[in-house]
Amino acid sequence: MRIGELSRRTGVSDRLLRYYEEQGLLHPERRPSGYREYSEADVTTVAHIRNLLAAGLSTTTIADVLPCMGSQGGQLIADCPELLLDLFRERERLTSSITELSTALQTLESVIATAPPDVSRAALAAVS
């Protein structure tokens with residue numbers, strides 16, 4: 001299938017599919033005319049890429065772990081021990097980021113709570 005069909009079937013733009021190819025995540029065949037030719041397996045690969053991106057992984061990390069990903073009933077499966085090591089590191093990175101963001105939010109809430117009531121009312125009225 002051509003890139004437009006893959007885009008239609010996956011809901012991912014042509015431009016983003018080309019980016020995935022540049023990042024080494026997709027490997028379409030090339031016709032003599034230069035057109036990209038995608039297989040049915042690429043539909044699944046794009047779904048895996050989207051899931052891994054939603055999990056907070058970078059395209060660089062996805063390029064490393066994607067060859068070790070399997071699928072069962074549409075769900076991603078970690079098929080290699082070295083993949084789990086990468087995923088453990090990513091989980092730790094995300095946990096650390098969540099902790100930092102929670103601390104920042106608490107600090108911000110504390111500062112907001114110190115505003116006098118009339119200042120809070122004026123600010124709320126300005127955003128309404």
Quiz prompt | salt bridge (charged side-chain N to carboxylate O under 4.0 Å, His left out) contacts touching residues 38-64 (sequence neighbours left out) | solution =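 Those involving residues 38-64 are R9-E40.
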Donor-acceptor under 3.5 Å ([X] side chain, [Y] main chain):
X: S96; Y: E92; result: no
X: S7; Y: V12; result: yes
X: E29; Y: E37; result: no

Measuring from [X]:[atom1] to [Y]:[atom2], what's the distance to the nearest 0.5 Å?
X: L105; Y: I98; atom1: CG; atom2: CD1; result: 13.0 Å
X: Q23; Y: L16; atom1: CD; atom2: CG; result: 10.0 Å
X: D86; Y: R91; atom1: CG; atom2: CZ; result: 13.0 Å
X: L17; Y: Y38; atom1: CG; atom2: OH; result: 5.5 Å

Practice problem: Applying salt bridge (Lys or Arg N to Asp or Glu O under 4.0 Å), run through E21 and R30 and close with a yes or a no. | Solution: CA-CA 12 Å; E21 182 183 354; R30 290 286 187 154; 3.4 Å; yes
Quiz item: Do V43 and L66 belong to the same hydrophobic cluster, where Ile, Leu, Val, Met, Phe, Trp and Tyr are linked whenever their side-chain heavy atoms lie under 4.5 Å apart, directly or via other members?
Solution: yes
Would you say the side chain of [Y] lies within less than 4.5 Å of the side chain of [X], judging by non-hydrogen atoms?
X: E90; Y: R93; answer: yes
X: R18; Y: R36; answer: yes
X: M69; Y: I77; answer: no
X: T59; Y: L52; answer: no
X: L6; Y: D14; answer: no
X: Y19; Y: L25; answer: no

Quiz item: Any disulfide (SG to SG under 2.5 Å) pairs touching residues 22-75, not counting sequence neighbours?
Solution: C68-C80
Practice problem: Using a strict 4.0 Å threshold on nitrogen-to-oxygen distance, state whether R8 and E5 make a salt bridge. | Solution: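 So R8 pairs with E5 through a salt bridge.
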Practice problem: List the steps and the verdict of salt bridge (Lys or Arg N to Asp or Glu O under 4.0 Å) for D118 and R121. | Solution: CA-CA 5 Å; D118 58 326; R121 281 191 299 277; 5.4 Å; no
Quiz item: In the hydrophobic clustering that connects Ile, Leu, Val, Met, Phe, Trp and Tyr at side-chain heavy-atom distances below 4.5 Å, which members other than I112 occupy its cluster, ordered by chain and number?
Solution: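 Its cluster partners, ordered by chain and number, are L108.
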Self-check item: Polar side chain donor-acceptor pair, T61 to S58, under 3.5 angstrom
Solution: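 Per modelled atom types, T61 and S58 side chains form a pair under 3.5 Å.
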